[in-house]
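Single-structure report; data block below.
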Amino acid sequence: MKSNLRKIFASRVFIGGAAAIAIWGVLALLIAAGIFSRSMQSLLIQICYYVTLALSLDLVVGYLGDLSLGHAAFYAVGAYSGCAFAVYTNLPLALKFIGGLLVGGICAAIVGFLISCAILKLRGDYLAIVTLAFGEFVRSIVKIIPGLGGTKGLLGIPSFDSRVVGFTASYIVLVLVIVAIYNFTHSRHGRTVTAIRDNAIAAESVGINIKRTKVLVFTISAFIAGLAGVVSGFYKTSITPGDFDYNVSIEALVMVVLGGMGSIRGTVIASAIIVLLPELLRGMDEYRMLIYAIVLIAMMMIKASPKCRALKEKLDGKINGFRSRFTRKRAK
Amino acid sequence: MSMLKVENLGITFGGLHAVENLNLEIEKNELYGLIGPNGAGKTTVFNMLTGVYKPTTGKFWLDGEELTGRSSIEINRKGIARTFQNIRLFGNMTVAENVLVGLNNQMRYGLASSFLRLPGFFKEERDYSKRADELLAVFDLYDERDTLASNLPYGKQRKLEIARALATSPRLLLLDEPAAGMNPNETAELMNTIRFVREKFDMTILLIEHDMRLVMGICERVTVLNFGTELASGETSKALNDPAVVKAYLGD
Amino acid sequence: MKKTARFLSLMIATLMVVLSFAGCGAADNSNVFVLGISGPMTGTASTYGNAVVNGAQIAVDKINAAGGINGYKIKLIYQDDEATVDKAKTAYEKLMDNGMQVFIGCVTSDSSIACNDLIKADGILQITPSASAIEAAVNPNSFRVCFTDPLQGTKMAEYVYNTLGYRKAAACYNQDDSYSTGMYDAFKERFTELGGKIAVEAPFGKDTSDFNAQITKVASSGADFIYLPIYAEKAAQILITADSKGVKLPFVGGDGLDGIMNYLTGDLGKLAENLIFLTPFVSTDTDPKVQAFTNTFIEKYDMTPDQFAADAYDAVYLAKLAIEQAGITAPTAMDNAAVVAAMTQIELDGLTGKMTFDASGEPNKDAKVAKIINGEYVAQ
Amino acid sequence: MQMLISTLIDGLNLGSVYALVALGYSMVYGIAKMLNFAHGDVIMVGIYSIFVCLNMNSLPVPVTMLICVAVCAVLGFTVEKLAYKPLRGSPSLSVLITAIGVSYLLQNLALLFFKSERRFLQNFLQLGSIQIGSFELPVISLVIWGTTLVIMIVLNLLIKYTSMGRAMLAVSEDKGAAQLMGVNVNRTISITFVIGSALAGVAAILYAAKYQNVDPYTGSVFGIKAFAAAVFGGIGSIPGAMIGGLSLGLIEALTIGFLPESLSAVSDGIAYALLVLMLILKPSGLLGKKKVEKV
């Protein structure tokens with residue numbers, strides 16, 4: 001039985017790993033060979049960090065069930081601290097990137113930890129509005145911190161000369177984040193998170209520490225948002241406070257909601273679609289924001305309508321049938 | 001020494017005495033009933049015993065250890081588990097996952113194991129999903145282990161709640177109207193399950209119930225509450241025949 | 001799981017490949033010179049992007065009607081960058097994908113700065129009509145039509161001190177806008193250097209909608225005038241507030257105030273009376289070039305052109321002159337280095353004045369000071 | 001001293017506008033228990049409706065004002081019917097996301113129709129100002145003061161002494177129980193939205209008269225601050241909205257007037273910082289009631 005289980009996990013890891021490498025291989029080849037247009041290449045990198053950002057928000061919105069409208073704040077803290085590290089240190093580029101990721105992630109995580117400790121008592125609407133306010137507050141604070149360039153922003157962030165390298169670096173961060181989130185959500189810690197989302201009182205009755213779990217999720221989520229910020233900074237080479245306003249939080253929320261909330265796969269696909277949307281809807285630029293709004297409303301309606309719920313259950317049934325075939329093997 | 005001892009327990013909401021001067025002594029392995037008309041304060045008692053509400057007066061002990069005013073989490077860890085009157089399952093999680101959440105506090109692997117899938121993760125996940133499966137088998141839920149909890153039929157949801165509560169390895173199990181909304185057949189089956197749980201897990205059970213047949217069928221002793229105060233207590237048949245109880249239930 | 005993963009990867013890969021080929025489907029550009037514009041066409045800053053495209057389009061139409069450049073027509077392409085940094089990079093790449101040969105952009109400073117590395121690496125001629133931050137044109141192949149923010153601040157400080165004779169300034173600036181802070185910092189430095197005094201600063205932010213407290217602060221400071229290094233839409237709000245509070249101090253500003261009459265229509269127009277500001281372009285100028293441009297613009301777009309449109313118009317003409325000066329005979333013979341080098345040898349008598357360039361990329365041209373009298377801009 | 005008094009007057013004037021807008025948020029939240037993110041955007045639509053009417057010239061001003069209130073009320077009603085009603089009973093997360101979606105939708109519709117340029121309105125009320133001592137006080141400020149007070153009193157009376165008001169109270173306490181008692185919950189919530197949106201219409205008129213400008217983001221920017229004010233005072237409480245609005249107005253004006261210039265960059269963040277602090281220290285706001293979750 002032991003070897004059997006190992007094999008299954010091994011094969012899952014194998015499939016995932018192989019898929020990740022294959023996608024990278026294909027994309028990197030297409031970039032290197034110049035088959036991808038330049039704009040497509042730049043969009044690919046953007047997809048990497050937008051997906052990372054959306055996944056971090058998904059942890060809070062989809063898995064924990066709390067609405068954060070201030071994820072731009074963690075994104076900003078990560079971007080500013082990580083990029084400032086890269087600007088003000090004298091290291092080889094690779095080390096600047098890795099160091100920047102660590103610094104950005106950790107600074108964002110610290111902020112996420114502190115803010116989540118402070119807002120533990122709040123739920124629902126209040127939590128949403130406090131995170132929104134916090135996001136705006138961070139944006140105005142960033143302007144007066146010396147060394148971050150004030151209103152003009154932090155300029156001269158190092159960047160990867162080679163597009164293949166730039167893409168690869170962003171892609172590796174994304175894949176690591178996906179693996180980490182998958183592992184986390186499929187562990188006992190992840191189960192407590194979804195339990196709190198589904199029924200906080202019941203979770204408490206079986207001895208789950210809601211406060212500690214919430215702080216944990218916010219901290220992890222902030223860390224990942226921080227990573228996204230650093231990757232974005234290395235791509236953009238300059239970041240300004242305006243890059244981190246309320247609209248960024250909303251855009252990430254649209255990605256999460258479109259992805260079905262609480263689904264890694266869904267979030268990845270939805271984020272990619274949203275980033276590519278201007279390409280997909282050429283000539284309809286004016287309607288893009290309108291589409292975001294409609295996506296938000298429509299997804300919620302679909303979720304609430306009984307007909308669609310029935311359809312979803314049918315689909316879930318199929319997936320579960322599939323899953324039980326897999327798990328029955330495990331039980332043997 | 002009794003398993004659960006409750007002394008003068010009381011709580012007021014905005015000047016209103018919801019429960020007053022409640023005394024209980026439940027022995028190990030006993031099946032004890034808490035009954036009374038609607039609004040008598042039964043669920044409030046449960047909420048105090050599980051730390052959802054802080055009692056205004058009185059104290060309670062579990063196996064001699066005072067737990068008054070502790071948090072829900074602590075009380076659960078000390079060995080009191082409960083179910084809810086209006087079922088509270090983790091609806092978007094599978095049946096097995098619901099039980100695994102109950103087992104969570106016994107699992108030891110840390111965050112690093114979660115993120116990096118260290119060996120501890122595999123070992124514990126395997127061991128505990130086996131334990132979850134065993135528990136589910138007891139409640140005849142094994143075949144539905146991968147169904148979403150919200151998709152279970154009503155009776156099975158009640159059972160799953162009990163299974164989840166048992167997963168936390170309690171010494172005392174509080175069941176809040178386990179038979180609510182069940183037909184006679186289901187109720188009879190439930191009675192068997194409750195008895196079985198007591199035997200198999202050597203459990204002490206305190207239950208709130210409206211269904212008198214169930215109460216008379218399985219409870220050894222009961223306490224009858226009305227308007228937050230104790231009307232009668234003692235052996236089930238005696239307590240139920242107490243004139244004050246009859247009056248409260250049937251009116252003058 | 002296996003199936004889904006395989007299906008998923010296949011789907012993504014297909015999607016990307018399809019998209020990439022769609023991106024490659026650029027038209028055949030061998031018979032036209034391709035000029036590209038990147039700026040905000042949607043969103044809050046869309047006014048500027050659209051003004052630039054419209055102004056440039058008029059120049060392109062005029063040049064094409066007159067035979068183009070060395071017999072080849074100009075094709076104008078543009079991309080929306082929403083005035084956000086990451087979209088700006090994609091927009092620029094998109095323009096390059098579509099065969100851009102001269103870059104008229106970016107419209108806004110932050111976007112332009114973000115594209116610096118790419119523009120430098122590509123080596124093509126960049127003429128930004130309106131990105132006024134110093135850092136927006138630092139590459140050797142970058143030039144700009146407008147004044148830099150600090151230059152405007154300095155010039156205005158000198159004009160106010162020397163010509164108008166004011167000694168005590170009050171300033172209302174937008175602390176969320178580097179255009180505003182850049183201009184104000186330089187103004188402050190030069191004005192105090194000359195011997196003037198900043199009586200009070202009353203900054204506001206991008207979310208400010210009530211300016212009463214700022215005006216109160218300014219009014220009780222005893223200043224001779226109020227300096228408004230901001231864009232017209234905020235200035236119009238400030239003028240309305242000042243009027244409602246009975247504050248009658250003179251207002252002085254930078255080129256952002258140009259276009260204020262488009263906001264203050266009808267009876268509100270009187271609020272802008274006596275407003276003094278620096279501008280490279282006055283749409284009511286009697287110069288026949290300007291008149292022709294203004295008339296065409298109004299006819300075509302039903303609004304008065306502002307400096308963004310005029311800057312873009314001049315940028316297109318600069319590109320034409322540079323290409324001609326460099327002796328590029330056909331679009332296929334484009335030589336970026338030669339065109340860039342030619343920029344320092346040309347002189348344009350444009351809508352925004354006579355201008356020449358040195359290697360720094362900054363224009364050598366005179367600043368014009370305009371005053372609004374009876375609702376008309378009058379050059380001072 | 002003179003400046004301090006002037007600044008205080010500025011703060012109270014601004015605060016009264018915040019209070020007026022906060023009233024709308026608070027009322028809807030208090031009864032329907034949902035955060036109507038789009039309230040500010042309804043105000044924005046109202047101001048645009050005034051803008052359009054003014055541009056048609058021939059309309060008398062009172063008609064314009066009526067149209068504005070009507071547009072807002074109808075808009076509120078429609079939004080509630082189409083977007084919020086189908087989600088009754090959904091988790092609050094869904095409702096909140098929908099409300100954000102509606103807010104975004106209105107903004108972007110306005111962006112499509114009116115473009116992003118700020119539009120300026122003629123001074124359509126022509127109220128001028130009066131001189132008190134050495135201070136010039138715009139009459140519009142007095143009108144806003146009066147209106148806010150009157151609305152506050154009328155709302156209080158309405159809720160306390162009419163059957164509709166009692167129905168609202170019942171719905172706010174417990175929707176299920178209210179339903180059982182024969183209250184038409186859906187209709188009551190609809191009426192709440194209509195009244196709330198009509199309030200937005202009144203706010204739109206006064207905002208338009210005071211500030212004479214609008215852009216597609218006016219509502220959300222001002223709305224979020226007003227919402228902060230409502231939360232500060234304790235959302236759901238009508239006097240709370242008033243106190244919250246006035247406090248926020250005063251604090252903002254005083255920050256601008258007296259904060260050292262080196263810190264001025266954060267003045268815009270003050271409302272937000274205040275909101276965060278308030279909710280951390282006293283989650284139910286100054287006058288709010290604490291919510292107990294039933295088990």
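As the structure is a computational prediction, the values presented were derived from the model and not from experiment. Each chain gets a letter, A, B and so on, in the order the sequences are listed, and its residues count up from 1.
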Closest heavy-atom pair, I208(A) versus V101(B), reported as atoms and distance to 0.1 Å, is CD1-CG1, 3.1 Å
Taking everything shown except K59(B) itself, do over 12 heavy atoms lie less than 6.0 Å from its NZ? no
Parallel, tilted or perpendicular: which one describes the rings of F115(B) and F184(A), with boundaries at 30° and 60°? parallel
Is F84(B) close to N199(A) at the side-chain level, that is, under 4.5 Å between some pair of heavy atoms? no
Atom of R188(A), atom of E125(B) and distance for their closest heavy-atom approach: N-OE2, 3.8 Å
Nearest heavy atoms of V206(A) and F90(B), plus distance in Å: CG2-CZ, 4.5 Å
Between T185(A), I181(A), N209(A), I196(A), who has the most heavy-atom pairs with chain B when the cutoff is under 4.5 Å? N209(A)
Tell me, yes or no, whether the heavy-atom count around K54(B) atom NZ, taken from other residues, nucleotides or ligands under 6.0 Å, exceeds 12. yes
How many angstroms lie between OG in S205(A) and CD in E161(B), if you round to the nearest 0.5 Å? 7.5 Å
One thing to verify: whether R88(B) and E204(A) come together as a salt bridge, which I'm taking to mean a side-chain N less than 4.0 angstrom from a carboxylate O. no
Counting heavy-atom pairs under 4.5 Å with chain B, the top scorer among N183(A), I220(A), V179(A) is N183(A)
Residue R212(A) excluded, over 12 heavy atoms near CZ under 6.0 Å: no
Are the side chain of R191(A) and the backbone N or O of E97(B) linked by a donor-acceptor pair below 3.5 Å? no
Kindly check if the number of other-residue, nucleotide or ligand heavy atoms within 6.0 Å of CZ (F201(B)) is above 12? yes
Which pair of heavy atoms, one from H189(A) and one from Y109(B), lies closest together, and at what distance? CE1-O, 3.5 Å
Counting heavy-atom pairs under 4.5 Å to chain B, which of G262(A), A195(A), A180(A) comes out on top? A195(A)
Should we say atom CH2 of W24(A) is surrounded by more than 12 heavy atoms from elsewhere, each under 6.0 Å from it? no
Engaged part of T168(B) at the chain A interface, taking heavy atoms whose separation is under 4.5 Å: side chain
Between R77(B) and G207(A) the two heavy atoms that sit nearest each other are NH2-O, 3.4 Å
Can you confirm whether F121(B) sits close enough to H186(A) that some side-chain heavy atom of one is under 4.5 Å from a side-chain heavy atom of the other? no
Do you know which of L103(B), I80(B), L111(B), I75(B) has the most heavy-atom pairs with chain A at a distance under 4.5 angstrom? L111(B)
Please check if the side chain of D198(A) supplies one atom and the backbone of N92(B) the other of a donor-acceptor pair under 3.5 Å. yes
Which bit of N104(B) comes within less than 4.5 Å of chain A, counting heavy atoms only: side chain, backbone, both or neither? both
Drop me the distance from T192(A)'s OG1 to L100(B)'s CG, to the nearest 0.5 angstrom. 12.0 Å
